[in-house]
Amino acid sequence: MKRSPRRIAMLTLHSSPFGELGARDTGGMSVYVRELAWELGRRGCRVDLFTRRGPAGPDTVRPAGPNVRLVPLDGGGREDDGKLGLYPRLPEFLRSLEAFRAADGGDYDLVHSHYWLSGCLGAAAAARWGAPHAVTFHTLGVAKNRSGCGELEPELRLSEEEALATGCDRVLAPTSREREMLIRYCGAPPRRVAVVPCGVRLDRFRPLDRRASRERLGLAAEDRVLLYVGRFSPVKGAERLLEAFAAMGRGPRTRLLLVGGDGPGSPSTAALELRARCLGISGEVSFLGRVDQGELPTHYSAADLLVLPSYYESFGLVALEALACGTPVAATRVGVAADLLDPSVNGLLLEGDPGALARGLEEALRRARAGAWPRSGVRASVSVYGWDRVADAVLREYQDLAAAQAMGESCPVAASGGEP
Ligand code: UDP
């Protein structure tokens, strides 16, 4: 059996894995990092999670699970510098990382970076320490730019992602579609790209009594409830969801609940509220703000349908979470939804243009209300997505990299063979 790397440096520079989920920079990546670190820690790996010191980040080193520590990095600059503002400060972050390693008195066997900014830092650290470097991008700039969401990622990000995709030892892609993107648009060597899906906490996300869940949220049994859960970034498509909702044949008591965003009065929430007013649907749409993940099963269980209207998702955790709660999903052809949704089992795929989105929602809601997707079958469709399996698969990739390094190979083939 291959030996597991003992000490892992996990980098998630721009966003703390323990920040408030649903806010601008804190979503699926944070969930992924905290769940993976926890599972790896339980398997005996010692994991240090490095993130920038800041308002949402840690101040001092603190435990974050069995064998897991959260470690703040200093890079100077201002707290509210955006992600790109961190780039010129990467040398300071590297010094801080190296100072921690030296003071802590240990070497890392492997570096796993999350998102391209951390990837840049991780590449420098891994080269310095002679450790293998794995990268999970979480989103790809080139994919976002091609999605038509109206936001363009800068050339700097695109070129750094390309350099990382071609230069690191292993890229972990969450779907085979993302793997194809990495190969086609970022030049990643196919043998170095492994497909390892993301996961869901099947113990937390499980079907709750629908009537009781509705009561808790002030909804009636006869309400026809569509739910959106996510950040309010343009790529997530909340605006086109409002437009489709306004255009669809809705019938009485149809409600759209939006969970997430940066809170009341924030520019992103204010813009969507204004859009809803202009569309004349304010009375039917509720902005619930951020909700603690522990509370979300109530929202999923109360809804007839989770809608994922994104222009692009690398994976799309909320789809798994809703399905684990027995709630069907209507999603554009993105992330895991494109692979997982089956009209005879758990939901519908939607086309993204405004008319088709509205018609698709109408049809999905009709089928959900008619009981076309029994909850047990919906839940069963994601039973293989527990985080324990994800961690096992990631660990196989780590072991592979460690074994190749021990044998002096520079470029081992992905353990998953690049197939899901
Ligand atoms: N989330 C949350 N509370 C909110 C909004 C979102 O806990 O108010 C969580 C949600 O449960 C999911 C994650 O944030 O685990 C969003 O992940 P996803 O992959 O769907 O989107 P991303 O943020 O990566 O684009």
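Counting convention: from 1, in listed order, for ligands and their atoms alike. Source: prediction; values computed, not measured.
- Under a cut-off of 6.0 angstrom, the local environment of CZ in Arg204 is crowded, with over 12 non-hydrogen atoms contributed by other residues, nucleotides or ligands.
- For Glu363 and Arg366, the salt-bridge test passes: some basic side-chain N is under 4.0 Å from an acidic carboxylate O.
- One finds a salt bridge joining Asp74 and Arg53 here, because a Lys/Arg side-chain nitrogen approaches an Asp/Glu carboxylate oxygen to under 4.0 Å.
- Looking at Arg216 and Glu295, a side-chain N of the basic residue comes within less than 4.0 Å of a carboxylate O on the acidic one, giving a salt bridge.
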Side chains of residues 307-319: which donor-acceptor partners sit under 3.5 Å, not counting sequence neighbours?
| residue | atom | partner | partner atom | Å |
| --- | --- | --- | --- | --- |
| Ser310 | OG | Glu313 | OE2 | 2.6 |
| Tyr312 | OH | Leu140 | N | 3.0 |
| Tyr312 | OH | Glu178 | OE1 | 3.4 |
| Tyr312 | OH | Glu178 | OE2 | 2.7 |
| Glu313 | OE1 | Lys236 | NZ | 3.3 |
| Glu313 | OE2 | Lys236 | NZ | 2.7 |
| Ser314 | OG | His138 | O | 2.9 |
| Ser314 | OG | Glu178 | OE2 | 3.3 |

Which N or O atoms of ligand 1 sit under 3.5 Å from a protein N or O, and how far apart is each pair?
| residue | atom | partner | partner atom | Å |
| --- | --- | --- | --- | --- |
| ligand 1 | 3 (N) | Val291 | O | 2.7 |
| ligand 1 | 8 (O) | Val291 | N | 2.9 |
| ligand 1 | 8 (O) | Val291 | O | 3.4 |
| ligand 1 | 11 (O) | Gln293 | NE2 | 3.2 |
| ligand 1 | 11 (O) | Glu321 | OE1 | 2.7 |
| ligand 1 | 11 (O) | Glu321 | OE2 | 3.2 |
| ligand 1 | 15 (O) | Gln293 | NE2 | 3.0 |
| ligand 1 | 15 (O) | Glu321 | OE2 | 2.5 |
| ligand 1 | 17 (O) | Gly28 | N | 3.1 |
| ligand 1 | 19 (O) | Leu317 | N | 2.8 |
| ligand 1 | 20 (O) | Leu317 | N | 3.3 |
| ligand 1 | 20 (O) | Val318 | N | 3.2 |
| ligand 1 | 21 (O) | Lys236 | NZ | 3.0 |
| ligand 1 | 23 (O) | Gly28 | N | 3.0 |
| ligand 1 | 23 (O) | Arg231 | NE | 2.9 |
| ligand 1 | 24 (O) | Gly28 | N | 2.9 |
| ligand 1 | 25 (O) | Arg231 | NH2 | 2.8 |
| ligand 1 | 25 (O) | Lys236 | NZ | 2.6 |

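- Here Arg184 does not pair with Glu180 in a salt bridge; the nearest charged N to carboxylate O distance is not below 4.0 Å.
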